[in-house]
Enquirer: 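Quick one: the structure is below, questions incoming.
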Number of protein chains: 2
Amino acid sequence: MKQILLLEDDQSFGYILSEYLNMQDFQVTWAKSAEEALKLLQKQHFDLAILDIMLPKMNGFELAEILKRENEDLPFIFLSARSLKIDKLKGFKLGAYDYVTKPIDEELLVAKIRALLTLTQKKVTTQSSYTIGKYDFFPALLKLVFQDGSEIRLTARETALLSMLCQHHNQLLLRKKALKEIWGIQDEFSRKSMDVFISHLRKYLSKDPSISIENVHGKGFIFKY
Amino acid sequence: MKQILLLEDDQSFGYILSEYLNMQDFQVTWAKSAEEALKLLQKQHFDLAILDIMLPKMNGFELAEILKRENEDLPFIFLSARSLKIDKLKGFKLGAYDYVTKPIDEELLVAKIRALLTLTQKKVTTQSSYTIGKYDFFPALLKLVFQDGSEIRLTARETALLSMLCQHHNQLLLRKKALKEIWGIQDEFSRKSMDVFISHLRKYLSKDPSISIENVHGKGFIFKY
DNA sequence: AGTTTTCATTAAGTTTTTTAATCCTTGCTT
DNA sequence: AAGCAAGGATTAAAAAACTTAATGAAAACT
């Protein structure tokens with residue numbers, strides 16, 4: 001569940017919004033001042049921050065500047081009653097993902113939040129382990145472990161390819177996509193090389209017959225399990 | 001310079017917007033139909049797409065779906081005269097960064113674009129090139145180019161190590177840190193391997209005597225230039 | 001049915017990375 | 001300050017990983 005930090009000094013609005021976001025399956029932590037927000041940020045991880053701008057002491061802009069300096073990749077959205085263009089420009093310049101003016105449309109806000117989270121999370125995706133039939137696959141350890149405890153050590157490319165297959169399991173993984181991601185710019189030549197690795201993986205995974213890497217002619221592969 | 005794909009069938013609006021974006025130092029390619037946009041996407045790399053929704057044949061939503069399926073991580077913004085909430089929701093659901101309604105404020109649009117580009121580019125972390133004294137280093141191409149045009153091809157590990165050194169240039173890069181990042185949390189054994197690569201890099205960079213990779217006993221290296 | 005393109009697998013060739021060996025440097029100990 | 005251990009530089013060798021080639025089979029196209 002995604003952790004959201006909400007900075008908002010207005011009691012009733014803050015309450016309503018945090019309840020709404022909670023309902024939408026976000027884990028909201030509500031800070032009523034920038035100072036409180038900073039303390040929370042040091043203790044806990046957040047996936048996204050929603051920042052009100054006008055606050056009694058330190059304002060949302062100032063907090064954002066600190067965030068950018070310290071907490072590098074926490075994405076944030078400004079939320080403010082001020083709809084002046086100059087404020088919006090300042091917001092974006094500070095690296096905000098969006099600048100939403102009150103009154104807000106909660107449904108749209110949630111849609112934006114989800115889009116943003118998908119975007120920022122995308123890169124990090126690699127799970128730390130996958131269960132593939134009777135195997136366990138540990139990408140970071142370059143290891144594939146069979147039910148009976150026997151291990152197969154994988155090479156870097158084998159691991160990269162198997163990871164991609166896992167991320168798309170039971171869906172088509174386009175050749176083009178894998179080539180681009182693992183081999184970099186797709187010179188149509190490494191096609192051959194990729195085939196060799198598919199072949200390796202099939203061999204490694206052959207102890208469980210319910211697993212298969214099936215080819216879709218001209219398109220790519222489907223990793224079924 | 002950032003490459004932007006603009007999909008817009010309205011002649012005059014498309015012209016004005018692409019001119020404006022050009023002025024703001026973006027490299028804009030203007031497609032007048034979704035089909036044309038698709039062709040361009042196959043040939044060229046873009047950093048961002050701006051998609052009009054209402055188009056004669058294939059519309060912007062449909063194109064976005066294809067993009068999501070095929071072209072991995074090209075971020076896009078919808079641009080439309082339709083301001084219905086249902087359209088906006090659909091836009092975000094498709095993974096758009098934003099949904100902007102006409103008439104647009106060009107200045108705000110550019111601010112958003114810049115913010116989004118920063119956001120998406122950040123993930124890739126590694127700069128696309130570094131100037132090191134009389135050399136240019138292109139991590140993605142695994143190349144080190146000397147002033148006189150002569151090229152040195154680097155291996156994956158050489159590139160990874162040189163990238164890290166660049167990121168910390170004129171500061172101490174801890175051995176431990178490099179080992180962890182490049183070799184994975186590793187046994188003190190690949191220490192030796194790392195030394196070999198340091199040695200390679202020194203040799204490659206020896207044509208410019210103002211560059212040096214200096215050792216800090218027991219700690220790591222400082223890349224000076 | 002024949003032809004062309006794509007795919008699977010094995011083997012051979014090449015490149016990259018690691019390990020080893022040797023000598024040098026740094027900083028500590030007495 | 002001499003001796004010594006631990007860290008570092010460089011080159012060469014061995015090992016591992018990756019790519020290319022070769023062959024035969026399957027799929028799609030005419």
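Reckoned from all heavy atoms, side chains included, excluding hydrogens, waters and symmetry mates.
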Enquirer: Rounded to whole Å, please give me the gap between CG in A:N215 and C1' in C:dC7.
Expert: 6 Å
Enquirer: Between C1' on D:dG8 and CG on B:L179, what's the gap in Å once rounded to a whole number?
Expert: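 Whole-Å distance recorded here is 14 Å.
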Enquirer: From NZ of A:K219 over to P of C:dT6, roughly how many Å is that when rounded to an integer?
Expert: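 In whole Å, C:dT6 P and A:K219 NZ are 12 Å from each other.
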Enquirer: Thinking salt bridges, do B:R175 and B:D195 make one under a 4.0 Å N-O criterion?
Expert: yes
Enquirer: Quick one: on DNA chain C, does B:T155 or A:R202 contact a more 5' nucleotide (nearest heavy atom)?
Expert: A:R202
Enquirer: Reckon A:D195 touches a base, only the sugar-phosphate, or nothing at all at heavy-atom distances under 4.0 Å?
Expert: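 Since a base atom lies under 4.0 Å of A:D195, the category is base.
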Enquirer: So, is A:R191 near the phosphate of D:dT19, with a side-chain N or O under 4.0 Å from OP1 or OP2?
Expert: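 Negative; the distance criterion is not met.
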Enquirer: Using the rule ring pair (Phe, Tyr, Trp, His ring centres under 6.0 Å), only one of B:Y225, B:F223, B:F137, B:F221 pairs with B:H169; which is it?
Expert: B:Y225
Enquirer: For the pair B:D208 (side chain) and B:K134 (backbone), establish whether a donor and an acceptor sit closer than 3.5 Å, ignoring hydrogens and angles.
Expert: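 Judged by distance alone, yes, a pair lies under 3.5 Å.
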Enquirer: Describe the nucleic acid contact of A:S193 in one word from base, sugar-phosphate, nothing, applying a heavy-atom distance below 4.0 Å.
Expert: base
Enquirer: Among D:dT19, C:dT16, C:dA8, find the nucleotide with the atom closest to the side chain of B:R153.
Expert: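 The listed nucleotide nearest to B:R153's side chain is C:dT16.
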Enquirer: Just how far, in rounded Å, is C1' of C:dT15 from CD of B:E158?
Expert: 11 Å
Enquirer: Check this one for me: any side-chain N or O of B:W183 less than 4.0 Å away from OP1 or OP2 of C:dT17?
Expert: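 Checking C:dT17 against B:W183, no side-chain N or O comes under 4.0 Å of OP1 or OP2.
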Enquirer: Using whole Å, report how far NZ of B:K192 lies from P of D:dA13.
Expert: 19 Å
Enquirer: What is the distance from CG of A:L154 to C1' of D:dA16, rounded to the nearest Å?
Expert: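 Spelled out: CG on A:L154 to C1' on D:dA16 is 14 Å.
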Enquirer: Both B:R175 and A:H217 contact DNA chain D. Taking the nearest nucleotide for each, which residue is further toward the 5' end?
Expert: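 The 5'-side residue here is B:R175.
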Enquirer: Which atom pair, heavy atoms only, marks the closest approach of B:E8 to B:D52?
Expert: OE2-OD2, 3.1 Å
